[in-house]
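Worksheet for the structure shown next.
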Amino acid sequence: MQIDLIKGHGSSNDFLLIDEISNSYSFSENERAALARLLCNRETKLGADGILFVMKSNHADGRMRVFNADGSEASMCGNGLRLVARYICEMLHLNDAVIETMKADLKVSKQPDLYPNVATYQVEISPVSFQLSDLPLQLNQPILLNEKIPALSEELSFTALAVPNPHLISIVEANVFKMNIQKQLSEYVNGPNSFFSDGVNVSFVNTINKGNIYVRTFERGVGFTNACGTAMSASSLVTCLQELNDFETIINVYNNGGKVQCVVHDDAGKYTIDLIGNAIYLYQASVNIDLGGGAFSLITHNDYTEQTAYEKLQEDALQFIEQTMKG
Ligand SMILES: N[C@@H](CCC[C@H](N)C(=O)O)C(=O)O
């Protein structure tokens, strides 16, 4: 089969976007998973953290399904949703749209460029749940708010939440990033284990100062990524709950791929988060795929020129991290 796609990124969390609205593709569930495993493989000419399937919705402006590089489907993807938001808004000539995702219809909108010539979109991260059964996390308690799970770590405290994909978050000192703790812990909870039957995205967060945090995430179904949008949103909420940041106020979230902004809303205990950041296209490609043989070849590859503008944002973000995070 021949497929046209766009490779893009949100905070350098990169995706292959496949448009099923304009193209008459028809994929079985197994084919979607196999496509993700094949095309996201970093050893090939494409490689990505996941695939975004952009589909028609019967009630919203469009629909997104996201598959991780290992072929598993996720209920949500914040960085990916910004790319889909851009794609749908440009296709339908809209500034605001609603995108159907696995568990919710989410508002998205075009925003003023965060940096010159960096296409910027805001996406809604919702619904939020602290019920452990929604992750799921198997513990003899209903919620976990900044508490220890001694079997995972004697030192670190964790908060667990679903936004709606599952996240385990720990606020740490800067020196912890130099240790191997996050990798070991993440591999454990994403392998066969008695706590997380579906795995979990694991984030370590450093509160640089009020209004500025750094987040590094080991993603379920992928491994360490440059950034994870839902994780940065969930982490922002956790810092507000711990009074390290303020609700209704911009939080700059630095990551290894750049920077986004989050605003956390508290509507009488119902939390939602605005995630604002880049939606950059890297190139358009056509590929010829032999799924049975597990191989593909590139037919065309045309670069966009947007990445140069993004690199300025990324350089400044990385410099800020280096200067402020001593540890
Ligand atoms: N990178 C994404 C999250 C993708 C899904 C995640 N790995 C999961 O399995 O829940 C983001 O930007 O939110």
Side-chain angles (χ1 to χ4, degrees), residues 7-17 32-33 36-37 40 42 47-54 64-87 99 101-104 106 108 120-129 134-137 160-169 182-183 186-187 189-191 196-203 205 215-238 253-262 264 272-280:
K7 169 93 177 258
H9 74 82
S11 278
S12 314
N13 186 195
D14 59 353
F15 301 95
L16 305 171
L17 183 152
R32 288 180 197 281
R37 285 191 295 268
C40 294
R42 297 271 178 206
D49 293 325
I51 295 193
L52 306 166
F53 293 99
V54 183
M64 172 183 84
R65 285 185 71 183
V66 53
F67 281 69
N68 289 316
D70 72 351
S72 59
E73 183 171 12
S75 55
M76 210 349 224
C77 174
N79 290 330
L81 185 59
R82 296 204 305 278
L83 283 172
V84 174
R86 173 176 173 183
Y87 193 81
I99 313 277
T101 62
M102 188 192 284
K103 296 202 175 154
L106 299 172
V108 303
T120 301
Y121 281 78
Q122 173 174 316
V123 301
E124 176 189 353
I125 304 295
S126 156
V128 173
S129 169
D134 286 333
L135 279 89
L137 164 53
L161 67 165
V163 298
N165 59 340
H167 292 271
L168 185 68
I169 290 171
Q182 189 177 8
K183 185 167 186 283
S186 306
E187 285 175 348
V189 292
N190 282 288
F196 296 93
S197 53
D198 293 345
V200 66
N201 300 290
V202 181
S203 295
V205 181
V215 180
R216 186 176 73 177
T217 306
F218 183 104
E219 282 195 44
R220 172 179 73 163
V222 193
F224 278 114
T225 55
N226 286 312
C228 172
T230 44
M232 294 188 285
S233 306
S235 301
S236 296
L237 169 56
V238 170
V253 186
Y254 291 85
N255 53 68
N256 288 348
K259 178 185 114 169
V260 297
Q261 294 182 329
C262 287
V264 184
T272 58
I273 304 125
D274 297 333
L275 169 67
I276 305 144
N278 74 290
I280 290 285

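Just follow the structure's listing: the first ligand is 1, and inside any ligand the first atom is 1. Source: prediction; values computed, not measured.
Counting only N and O atoms by type, the side chains of Ser129 and Asp134 include a donor and acceptor under 3.5 Å apart. Side-chain atoms of Thr120 and Asn278 include no donor-acceptor pair closer than 3.5 Å. Under the 3.5 Å distance criterion, with hydrogens and angles disregarded, a donor-acceptor pair is assigned to the side chains of Ser72 and Asp70.
Sorted by chain and number, the heavy-atom contacts of ligand 1 below 4.0 Å come from Asn13, Asn68, Ala74, Met76, Cys77, Gly78, Asn79, Asn165, Asn201, Glu219, Arg220, Cys228, Gly229, Thr230.
Under the ring pair (Phe, Tyr, Trp, His ring centres under 6.0 Å) criterion, Phe67 pairs with Phe53, sequence neighbours left out. Not counting sequence neighbours, His167 has no partner by the ring pair (Phe, Tyr, Trp, His ring centres under 6.0 Å) test. For Arg86, the salt bridge (Lys or Arg N to Asp or Glu O under 4.0 Å) partners two or more places apart in sequence, or in a different chain, are Glu90, Glu306.
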